[in-house]
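Every chain is numbered from 1, with letters handed out A, B, ... down the list of sequences. The structure displayed is predicted, hence computed values, not measured ones.
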Protein chains: 2
Amino acid sequence: MTLLPLADFCCPPLLAGSLTATEAADVAVLFRVLGEPARLLLLSAIAAQPSQEVCACELVESLGLSQPTVSHHLKVMYEAGLLAKERRGNWIYYRIVRERLVSLGKVLD
Amino acid sequence: MTLLPLADFCCPPLLAGSLTATEAADVAVLFRVLGEPARLLLLSAIAAQPSQEVCACELVESLGLSQPTVSHHLKVMYEAGLLAKERRGNWIYYRIVRERLVSLGKVLD
DNA sequence: CATCAATATCGATGTGCGTCGATATAACTA
DNA sequence: TAGTTATATCGACGCACATCGATATTGATG
């Protein structure tokens, strides 16, 4: 469970034409995480909340996916550094790590 | 071989929290295309050229991949609207469709 | 037309992973 | 401790796809 450290994630823009094989592998991991409709919908559902965080149980209900599948996707995004989670009682609340998304977006500029 | 029309590709930012299932599917296709180290390196190699375009044969030599594999990746990116190609004699030159990359990047802002 | 070089397609193989039901773990409550 | 709910993990299945060698196609040139 090695997280990509946020501070270290900083690759040159793709259009700069100086990507190394290692950087390409790191960036590709993140793009592949986003290359799944279910995960994009989960991110959007979290962002749609005024509190900017959502209990996992609500996410299970909103999408048409089973609880294990939602849990799996949340874990993938958490380990990719795209989500943060916090336990409060029985519930676990997820929120988006915006800086992570934004820094990935800069690769495309 | 249905290209996503460039003019129609315009999804709300992920953080706006209003993504539909259809939009999620469309965006996910593009992210998945970018979720491959070989393809990112191909894009970077093209961007690295002063002329901003590269003959496919050069790309075969630069990466450690077979000619069919490189041809496959170029086709995937072409059909995703990320690359444009032009035949000149025996050679086919590929260039990056920058607007496509940039508009995808805006989804992450 | 025949030949050569560049590119694309085909068929096969192996792997990654999305999905689920079943089950385990964790936390609260009585 | 027992019971209930929320979440995570496990094992299995099926499909998508990256990769390659072999082959077809395309265009230029004698």
Side-chain angles (χ1 to χ4, degrees), chain A residues 1-3 21 24-43 45-46 49 51 53-80 82-95, chain B residues 1-3 21 24-46 49 53-80 82-95:
Chain A
M1 184 170 59
T2 52
L3 300 191
D26 290 345
V27 176
V29 166
L30 287 177
F31 279 136
R32 188 154 44 201
V33 169
L34 293 179
E36 187 64 25
R39 289 197 276 261
L40 293 178
L41 289 174
L42 285 172
L43 288 174
I46 297 174
Q49 297 293 323
S51 61
E53 62 180 8
V54 179
C55 163
C57 58
E58 295 183 47
L59 295 172
V60 171
E61 297 170 5
S62 63
L63 304 186
L65 295 174
S66 71
Q67 179 270 325
T69 299
V70 171
S71 181
H72 166 70
H73 286 313
L74 292 173
K75 179 183 180 181
V76 168
M77 290 191 284
Y78 171 74
E79 293 185 342
L82 294 171
L83 289 182
K85 63 177 172 181
E86 179 190 354
R87 175 153 223 148
R88 292 207 286 276
N90 268 334
W91 300 273
I92 298 184
Y93 291 83
Y94 285 88
R95 62 177 174 81
Chain B
M1 183 169 57
T2 53
L3 301 190
D26 291 345
V27 175
V29 166
L30 288 178
F31 280 135
R32 190 157 46 208
V33 168
L34 294 180
E36 188 65 25
R39 290 198 275 262
L40 293 178
L41 290 174
L42 285 171
L43 288 175
S44 184
I46 297 174
Q49 298 293 323
E53 63 179 7
V54 179
C55 163
C57 58
E58 296 182 45
L59 294 172
V60 171
E61 297 170 4
S62 63
L63 305 186
L65 295 174
S66 71
Q67 180 269 326
T69 299
V70 171
S71 181
H72 166 69
H73 286 313
L74 292 173
K75 179 184 181 181
V76 169
M77 290 191 285
Y78 172 74
E79 292 185 344
L82 295 171
L83 289 182
K85 63 177 170 180
E86 181 189 353
R87 174 154 224 147
R88 292 207 285 276
N90 271 334
W91 299 273
I92 297 183
Y93 291 83
Y94 284 89
R95 64 177 172 79

Using OP1 and OP2 only, check whether a side-chain N or O of [X] sits under 4.0 Å from [N].
{"X": "T69(A)", "N": "dT19(C)", "result": "no"}
{"X": "H73(B)", "N": "dT19(D)", "result": "yes"}
{"X": "K75(B)", "N": "dT9(C)", "result": "yes"}
{"X": "R39(B)", "N": "dA18(D)", "result": "yes"}
{"X": "R32(A)", "N": "dG16(C)", "result": "no"}

Please report the distance, rounded to the nearest Å, between [atom1] in [X] and [atom2] in [N].
{"X": "N90(B)", "N": "dA6(C)", "atom1": "CG", "atom2": "C1'", "answer": "6 Å"}
{"X": "L59(B)", "N": "dT7(C)", "atom1": "CG", "atom2": "C1'", "answer": "12 Å"}
{"X": "I92(A)", "N": "dA26(C)", "atom1": "CD1", "atom2": "P", "answer": "11 Å"}
{"X": "E61(A)", "N": "dA6(D)", "atom1": "CD", "atom2": "C1'", "answer": "11 Å"}
{"X": "E79(A)", "N": "dC17(C)", "atom1": "CD", "atom2": "P", "answer": "12 Å"}
{"X": "W91(A)", "N": "dA8(D)", "atom1": "CH2", "atom2": "P", "answer": "15 Å"}
{"X": "L65(B)", "N": "dT19(D)", "atom1": "CG", "atom2": "P", "answer": "5 Å"}
{"X": "Y78(A)", "N": "dT7(D)", "atom1": "OH", "atom2": "C1'", "answer": "14 Å"}

### Query
Checking all strands, does Y93(A) fall into the base, sugar-phosphate, or nothing category for heavy-atom contacts under 4.0 angstrom?
nothing
### Query
Reckon H72(B) touches a base, only the sugar-phosphate, or nothing at all at heavy-atom distances under 4.0 Å?
base
### Message
Evaluate H73(B) against L59(B) for side chain to side chain contact (heavy atoms under 4.5 Å, CB included), listing each step before the verdict.
### Response
CA-CA 11 Å; H73(B) 286 313; L59(B) 294 172; over 6 Å; no
Would you say [X] and [Y] make side-chain contact, with heavy atoms under 4.5 Å?
{"X": "L83(B)", "Y": "I46(B)", "value": "yes"}
{"X": "E53(B)", "Y": "K85(B)", "value": "no"}
{"X": "L42(B)", "Y": "V54(B)", "value": "no"}
{"X": "L43(A)", "Y": "L34(A)", "value": "yes"}

## Note on the structure
Against the side chain of S66(B), the closest entry in dT7(C), dG21(D), dG18(C) is dG21(D)
### Query
Taking the side chain of P68(A) as its heavy atoms from C-beta onward, which of dA6(D), dT9(D), dC20(D) lies nearest to it?
dT9(D)
### Task
Could you check G64(A) against R87(B) and say which one's nearest nucleotide on DNA chain C is further toward the 5' end?
R87(B)
### Message
Both L74(B) and V76(A) contact DNA chain C. Which one's nearest nucleotide lies toward the 5' end?
### Response
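Counting from the 5' end, the first nearest nucleotide belongs to L74(B).
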### Message
Between the base of dA6(C) and the side chain of Q67(B), is there a donor and acceptor pair under 3.5 angstrom?
### Response
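Check fails, no donor-acceptor contact within cut-off.
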